[in-house]
Amino acid sequence: MFALIDANNFYVSCERVFNPKLAHVPMVVLSNNDGCVVARSNEVKALGVKMGTPWFQLRELAETHGIRAFSSNYSLYADMSSRMMNVLAVYSPDQEVYSIDECFLGLAGFGNHDLAAYGQRMRTQVRQWLGLPVCVGFGETKTLAKLANHCAKKNLAGRDGVCDLTQLSQTERSGIFAALPVNEVWGVGRRLTEQLNQRRILTVEDLRTANPETLRKAFSVVLERTVRELNGIACQSLESVAPNKQQIMSSRSFGTYVYDLPGLGEAVAVYMARAAEKLRRQGSLAGIVQVYIRTNPFKDNAPQYHPSLSIPLPEATDDTARLIRAAQWGLKRIYKPGFAYQKAGIALLDLSPQANAQIPLFASTPDRHSLMQVMDRINATFGRGSLRSAAEGMQQSWRMKRERMSPAYTTQWDELPGVG
DNA sequence: CTATAACTCTCAA
DNA sequence: CTAACGTTGAGAGTTATAG
């Protein structure tokens, strides 16, 4: 038995907690660089605005309906998220934090309880303690719990934001599933929906009753598992401890186009510093550095260029300076003048545990572990970028746009209204 | 020829 | 005033390459 708890319009709801006047105001939260819509209030959804719509395309609609837009304030959302996870953790010994706004709870042995009432308690407590609206779904598998959550949100089964599929007979479930399009199933995206529809699999019920072996042959083992999960056979277990990353990426679009190598070099250094910090936090070393830059793919009259390069390191490392040097070495090789670059990114690949580090065959400058440790500690105490590599630059004129940002209410004293 | 590396595609939030 | 379209990570399957 699983529960899936998911916040409603999470980023929008976080903004409203600290600015209650925004309740019922049509509003959106924008992606990095104030680019696309990534969260919509119900009022905006009702206007037909799709997830991922570029903000500039909404100007007219926004003006006529008074839609308010906010830059995404990740320090606020991350903090609210961790508070929410802490509240929910008390409801089960097993919790999997699946994303910033949702978690699974493992409910083995809860079979005899009134799950719907249990879900209501979660909802009430999260609402009281945090001011956030959430919905709760229960099912025998993670896929069913996800689907139950969707039913709760749409008021298709259950009531008041909670849906317990486990209490329904197969006939009752089939009735609900037959009314749900197949793309509502976790793991069925745009492409798969297209191909399933061609095979006359249109609804969740069509998929549930399809032959798993046939689908495995035609598609993949993933889809086979999904079909079994829809039938109550658990193929996915709860992952309560997040495994270490196998790759770490950092990339960002620029606030304005960058044309020259020094500008790109700064950006690459900043992204690498972030990635290296994550790398050290999980106690890994990177064996390969990848770097890429690209022009704006949406500007079809401009010349396009999107090169990338992998740089194998002589020894795996977590030393920021070494990693930056490798990335910039690669950048120099792929850079060509005459293009308007819109984005740069780096990746750390071939990660291995620090404990298994190989002793270098050829003597070279040792990694500066204690320096890295001090740097991480200073930045943890005084804020990101307090101590940084000179390669990251001072002006950073390429930095992303965030022109509509709300204060970091829960993590920065000086951003609180009325605090000097 | 086979095992692995590297890359592509899809999906998720 | 004009131009303006996200980020990170995983897994499966396919293709390229090394030995």
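Note on naming: letters A, B, ... go to the chains in the order of the sequence lines (proteins, then strands), and numbering restarts at 1 for each one.
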May I ask you to list the residues of residues 188-206 of chain A, by number, that have any heavy atom positioned under 4.0 Å from an atom of DNA chain B? A:Val188, A:Gly189, A:Arg190, A:Arg191, A:Leu192
ring-ring contact (aromatic ring centres under 6.0 Å, His included) pairs touching residues 329-357 of chain A, sequence neighbours excluded, are A:Tyr305-A:Phe339, A:Tyr335-A:Tyr341
With a 4.0 Å cut-off on heavy atoms, is A:Phe10 in touch with a base, just the backbone sugar-phosphate, or nothing at all? nothing
Can you list the residues that meet the ring-ring contact (aromatic ring centres under 6.0 Å, His included) rule with A:Tyr11, with sequence neighbours excluded? A:Tyr74, A:Tyr77
Qualifying salt bridge (charged side-chain N to carboxylate O under 4.0 Å, His left out) pairs, either residue in residues 5-14 of chain A, two or more places apart: A:Asp6-A:Lys153
Which atom pairs, one a donor and one an acceptor, fall under 3.5 Å between side chains of residues 257-272 of chain A and the rest of the protein, sequence neighbours left out?
from, atom 1, to, atom 2, distance (Å)
A:Tyr257, OH, A:Asn296, ND2, 3.0
A:Glu266, OE1, A:Trp398, NE1, 3.0
A:Tyr271, OH, A:Arg252, O, 3.4

Which residue pairs pass the ring-ring contact (aromatic ring centres under 6.0 Å, His included) test when at least one of the two sits in residues 181-211 of chain A, sequence neighbours left out? A:Tyr98-A:Trp186, A:Phe104-A:Trp186
The ring-ring contact (aromatic ring centres under 6.0 Å, His included) partners of A:Tyr91 (sequence neighbours excluded) come to A:Tyr118
P atoms of C:dC5 and B:dA12, separation to the nearest Å: 26 Å
Every protein N/O within reach of nucleotides 11-19 of chain C N/O, cut-off under 3.5 Å:
from, atom 1, to, atom 2, distance (Å)
C:dG11, OP2, A:Gln246, NE2, 3.1

Would you mind telling me which residue lines up with the more 5' stretch of DNA chain C, A:Ile248 or A:Phe254, judged by nearest nucleotide? A:Phe254
With ring-ring contact (aromatic ring centres under 6.0 Å, His included) as the rule and sequence neighbours excluded, what pairs involving residues 209-244 of chain A come up? none
Hey, can you pull the residues of residues 258-289 of chain A with a non-hydrogen atom under 4.0 angstrom from DNA chain B? none
First of A:Asp34 and A:Ser251 reached from the 5' end of DNA chain C, by closest nucleotide: A:Asp34
Specify the residues of residues 41-70 of chain A, ordered by number, for which at least one heavy atom lies under 4.0 angstrom from an atom of DNA chain C. A:Pro54, A:Phe56, A:Gln57, A:Arg59
Does a sphere of radius 6.0 Å around CD in A:Glu213 hold more than 12 heavy atoms from other residues, nucleotides or ligands, not counting ones at 6.0 Å or beyond? yes
Are there runs of at least three consecutive Watson-Crick or G-U pairs touching DNA chain C, with each pair's two distances under 3.5 angstrom? Give them by first number. B:1-13 with C:7-19
What's the closest nucleotide to the A:Asn32 side chain, out of B:dA13, C:dT8, C:dG6? C:dG6
